[in-house]
Amino acid sequence: MTLRVYDTRSRDKRAFSTLENGRVRMYVCGITPYTPSHLGHARCYLAFDVVHRWLEASGYDVDYVQNFTDIDDKILDISEAEGVDFSEVANRNIADYYEAMDAMNVLRADSYPRVTETIPEIIDMVSTLIDKGHAYIGDDGVYFEIDTAPEKYGQLTGQTLEMVRAGAGGRVEDTGSGKRDHRDFALWKLAKPAEPSWDSPWGAGRPGWHIECSAMSLKHFGEQFDVHGGGHDLRFPHHEAEIFQSECCTGREPVVGYWMHNGFVNVDGEKMSKSLGNFWTVSDAFELHHPLALRYALLSVPYRNPIDLTPEFLADADSHYERLVSVYGASLGADGESGADLAGASECFAAAMDDDFNTRAAIIEVQGVVASGAGADVAAWLESHAGDALGLLPSRDEVMSSLAEADSAKSEVAGKVESLLAEREAAREGSDWARADQIRDELAAMGVVVEDGPDGPVWHLG
RNA sequence: GCACGGGUGGCAGAGCAGCUAUGCAAUGGACUGCAGAUCCAUGGACCCGGGUGCAAAUCCCGGCCCGUGCUCCA
């Protein structure tokens with residue numbers, strides 16, 4: 001069984017191979033921390049967390065780098081509005097990000113470089129691009145000149161230079177900047193008065209948006225690496241700009257082996273985004289859903305497809321998640337085997353994940369095992385599949401202690417419940433349904449759910 | 001407009017040439033005082049029009065519709 005990965009550049013699933021045997025260098029574009037993270041961000045980092053986990057499960061040593069764009073126009077807008085330093089805005093939203101990701105079992109990347117800590121490398125790269133004739137100094141900054149490498153255009157989006165020149169409703173003429181051509185893009189922006197800035201050979205300023213990723217990947221991985229991930233919206237111009245910068249700087253191509261782009265989270269059919277204002281922050285969502293139930297929902301669709309978030313969709317995920325955890329909890333204490341075909345399920349699970357990380361198909365296998373009921377064999381299977389590979393399981397300790405908690409809560413009321421139940425059974429014996437139902441209502445008011453079965457009533461705390 | 005992706009049962013959502021997807025809902029049954037839970041069973045789909053195959057939801061061509069990108073964006 002071989003892993004196949006969809007590469008945006010070749011527009012095809014290809015057998016996965018890496019530059020160095022057994023090692024994967026993976027870079028994923030991180031957030032610009034100017035607001036708390038929303039579910040669209042969550043989906044992206046959840047998707048690449050699964051990639052990370054599955055590559056490791058497949059025996060690769062993964063070096064995972066994810067950046068923070070901790071200086072940018074929007075961060076500056078907010079810092080100005082609040083009268084605080086830009087780093088305060090960035091740091092608080094980075095903290096929010098970590099908290100949200102930790103809650104959703106997202107494993108940490110190996111490195112989280114920040115733009116503000118990569119300035120020397122960025123300046124080096126821009127200098128090289130100028131020296132090699134790929135960049136020029138304009139009135140307000142340094143720009144990459146697209147016409148110096150036209151053959152690199154459109155690798156991720158299929159667009160041609162002419163299309164973009166002609167496109168976008170005539171915004172072509174006025175670039176409003178020192179660009180020679182509107183398709184050129186900024187490598188270094190000279191600072192406006194009172195803006196934070198760093199010294200450079202071209203004057204005080206800060207990096208353009210695209211250059212950081214090229215500089216960071218070069219710094220951490222060298223001239224080429226295996227996987228570059230990010231949201232679908234980053235394909236153009238951001239990722240195409242990276243191709244220009246990196247390959248023109250080093251002369252090596254392709255800079256990236258596999259370009260991976262996750263689909264969007266939609267609300268009512270439209271992309272969830274900060275600019276549309278239709279977003280839920282991750283912590284808003286946590287108010288209504290367990291973080292891992294949310295993870296379940298967001299992994300229920302293959303990463304490249306859009307997800308339309310509806311209350312029904314999330315409710316479905318909630319109940320699947322609860323069922324998963326309850327079967328896992330029951331399996332931890334189970335003696336017998338479930339009788340499920342775990343070997344078959346493992347095989348299907350691996351085949352699903354090997355097919356471009358098809359978490360949907362993999363989750364179906366998990367659901368099949370969950371449906372087969374609790375068993376000692378099931379606990380281990382769920383830990384390695386639903387847990388290690390998909391990250392959907394709380395830790396064993398957490399599940400055990402919540403079971404213990406539930407047990408002790410149950411034993412606290414057990415005496416009273418048992419005596420009420422005995423009374424109810426007596427009423428039922430005598431066909432006194434009104435009294436029986438009244439007792440059931442009383443128990444319900446205590447939070448006790450009674451279910452009559454063939455062997456008499458069973459009860460649990462709702 | 002151009003580029004990229006998509007249109008599957010009541011809903012969500014896989015599959016991407018031959019084999020029940022799955023879940024929820026629905027229907028029938030078992031159990032049941034009722035309720036709930038559980039179990040068993042059942043029905044139900046591939047946007048439209050052509051084409052290529054022994055065989056097409058799946059490939060090709062042409063429509064129509066939707067989303068995203070072309071501007072900050074995961």
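Throughout, protein chains are lettered first and strands after them, A, B, ... in sequence-line order, and every chain is numbered starting at 1.
The A:Gln367 side chain lies nearest to B:rG23 when the options are B:rC4, B:rA74, B:rG23. In this structure, the nucleotide among B:rC39, B:rA14, B:rC70 sitting nearest to the side chain of A:Arg323 is B:rC39. Across B:rA74, B:rC72, B:rU68, the shortest atom-to-atom separation from the side chain of A:Cys44 is found for B:rA74. The A:Cys29 side chain lies nearest to B:rA74 when the options are B:rC70, B:rA74, B:rA37.
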Name the pairs: protein N/O against N/O of nucleotides 31-33 of chain B, kept only if under 3.5 Å.
{"unit_1": "B:rG33", "atom_1": "N7", "unit_2": "A:Arg428", "atom_2": "NH2", "d": "3.4"}
{"unit_1": "B:rG33", "atom_1": "O6", "unit_2": "A:Arg424", "atom_2": "NH2", "d": "3.3"}
{"unit_1": "B:rG33", "atom_1": "O6", "unit_2": "A:Arg428", "atom_2": "NE", "d": "3.4"}
{"unit_1": "B:rG33", "atom_1": "N1", "unit_2": "A:Asp437", "atom_2": "OD1", "d": "2.9"}
{"unit_1": "B:rG33", "atom_1": "N2", "unit_2": "A:Asp437", "atom_2": "OD1", "d": "3.4"}
{"unit_1": "B:rG33", "atom_1": "N2", "unit_2": "A:Asp437", "atom_2": "OD2", "d": "2.7"}

Please list, pair by pair, any protein nitrogen or oxygen found under 3.5 Å from a nitrogen or oxygen in nucleotides 7-13 of chain B.
{"unit_1": "B:rG13", "atom_1": "O2'", "unit_2": "A:Arg360", "atom_2": "NE", "d": "3.4"}

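Nucleotide B:rU32 is matched to nothing when pairs are restricted to Watson-Crick or G-U wobble geometry with both distances under 3.5 angstrom. For B:rC4, the paired base is B:rG67 (Watson-Crick or G-U wobble, both distances below 3.5 Å). Of the nucleotides present, none pairs with B:rC72 by Watson-Crick or G-U wobble criteria with both distances under 3.5 Å. In this structure, B:rA12 forms a base pair with B:rU22, meeting either the Watson-Crick or the G-U wobble geometry with both donor-acceptor distances under 3.5 Å. Nucleotide B:rG44 forms a pair with no other nucleotide shown, judged by Watson-Crick or G-U wobble geometry with both contacts under 3.5 Å.
If you measure from atom CG of A:Asp318 to atom P of B:rG23, you get 18 Å, rounded to the nearest angstrom. The distance between atom CG of A:Leu156 and atom P of B:rG5, rounded to the nearest whole Å, is 12 Å. Rounded to whole Å, atom P of B:rA35 lies 21 Å from atom CZ of A:Arg435. Per the geometry, CG belonging to A:Asp356 stands 14 Å off C1' belonging to B:rG15, to the nearest Å. For A:Trp459 and B:rG36, the CH2 to C1' distance is 17 Å, given to the nearest whole Å. Residue A:Asp72 contributes atom CG, which lies 14 Å from atom C1' of B:rU71 at whole-angstrom precision. A:Arg183 places its CZ atom 16 Å from the C1' atom of B:rU71, with the value rounded to the nearest Å. The OH atom of A:Tyr153 sits 18 Å away from the P atom of B:rC2 (whole-angstrom rounding).
Using cut-offs of 30° and 60° for the angle between ring planes, the A:Phe185 and A:His210 rings count as perpendicular. Ring geometry for A:Phe86 against A:Trp198 counts as perpendicular: the plane angle is over 60°, on a 0 to 90° scale with 30° as the lower cut. By the 30° and 60° cut-offs, the orientation of the rings of A:Tyr98 relative to A:Tyr112 is perpendicular.
Annotated as syn: B:rG53, whose O4'-C1'-N torsion sits within 90° of 0.
Remark: A:Arg428 engages A:Asp452 in a salt bridge, criterion side-chain N to carboxylate O under 4.0 Å. For A:Asp7 and A:Lys13, the salt-bridge test fails: no basic side-chain N is under 4.0 Å from an acidic carboxylate O. A salt bridge is defined here as a Lys NZ or Arg NE, NH1 or NH2 lying under 4.0 Å from an Asp or Glu carboxylate O, and A:Asp73 with A:Lys189 meets this definition. Ion pair A:Lys416/A:Glu423 not flagged as a salt bridge, since none of the NZ, NE, NH1 or NH2 atoms sits closer than 4.0 Å to an Asp/Glu carboxylate oxygen. In this structure, A:Lys410 does not pair ionically with A:Asp407, as no charged nitrogen and carboxylate oxygen lie closer than 4.0 Å. Salt bridge status for A:Arg108 with A:Asp49: absent, with no side-chain N to carboxylate O gap under 4.0 Å. Residues A:Asp147 and A:Arg183 are paired through a salt bridge, judged by an N-O separation under 4.0 Å between the basic side chain and the carboxylate. Ionic pairing of A:Asp12 and A:Arg14 is not present here: no N-O contact between side-chain nitrogen and carboxylate oxygen is shorter than 4.0 angstrom.
Annotation: of the two residues near RNA chain B, A:Asp355 and A:His238, the 5′-most nearest-nucleotide partner is A:Asp355. Along RNA chain B, the nucleotide closest to A:Tyr6 and the one closest to A:Leu276 are compared, and the more 5′ of them pairs with A:Tyr6.
Contact annotation for A:Ser275: base contact, defined as any heavy-atom pair under 4.0 Å involving a base atom. Across all strands shown, A:His38 has heavy atoms under 4.0 Å from base atoms, whether or not it also approaches the sugar-phosphate. Within 4.0 Å of A:Asn358, counting heavy atoms only, lie sugar-phosphate atoms of the nucleic acid but no base atom. Nucleic acid contact class of A:Val265 (heavy atoms, under 4.0 Å, all strands): base. Residue contacts for A:Ile364: at a heavy-atom cut-off of 4.0 Å it reaches a base atom on one of the strands shown. Among the protein residues, A:Val28 comes within range of no part of the nucleic acid, since none of its heavy atoms lies under 4.0 Å from any strand. Using a 4.0 Å heavy-atom criterion, one finds that A:Gly40 contacts the bases of the nucleic acid, with or without backbone contacts as well. Across all strands, A:Gly154 comes closer than 4.0 Å to no nucleic acid atom at all (heavy-atom distances). A:Phe264 comes within 4.0 angstrom of a base, heavy atoms only.
Nucleotides B:rC64 and B:rC48 place their P atoms 16 Å apart, quoted to the nearest Å. Nucleotides B:rA25 and B:rU68 are separated by 31 Å at their C1' atoms, to the nearest Å. For the C1' atoms, the distance linking B:rU27 with B:rG43 amounts to 8 Å, nearest Å. Atom name P, nucleotides B:rC24 and B:rA41: the rounded distance is 14 Å, in whole Å. On the C1' atoms, B:rA17 is 32 Å away from B:rA26, given to the nearest whole Å. One P atom belongs to B:rA57, the other to B:rC47, and the distance between them is 10 Å to the nearest Å. Nucleotides B:rA74 and B:rC65 are separated by 32 Å at their P atoms, to the nearest Å. If you take atom C1' in B:rG9 and the same atom in B:rG44, they sit 5 Å apart, rounded to whole Å.
Under 4.0 angstrom from either OP1 or OP2 of B:rC16 there lies no side-chain N or O belonging to A:Lys13. Of the side-chain N and O atoms in A:Asn266, none sit less than 4.0 angstrom from OP1 or OP2 of B:rC66.
The residue from A:His239, A:Arg235, A:His232 that alone fulfils the side-chain hydrogen bond (donor to acceptor under 3.5 Å, both in side chains) condition with A:His261 is A:His239.
Side chain of A:Asn105 to backbone of A:Gly391: a donor-acceptor contact under 3.5 angstrom is found.
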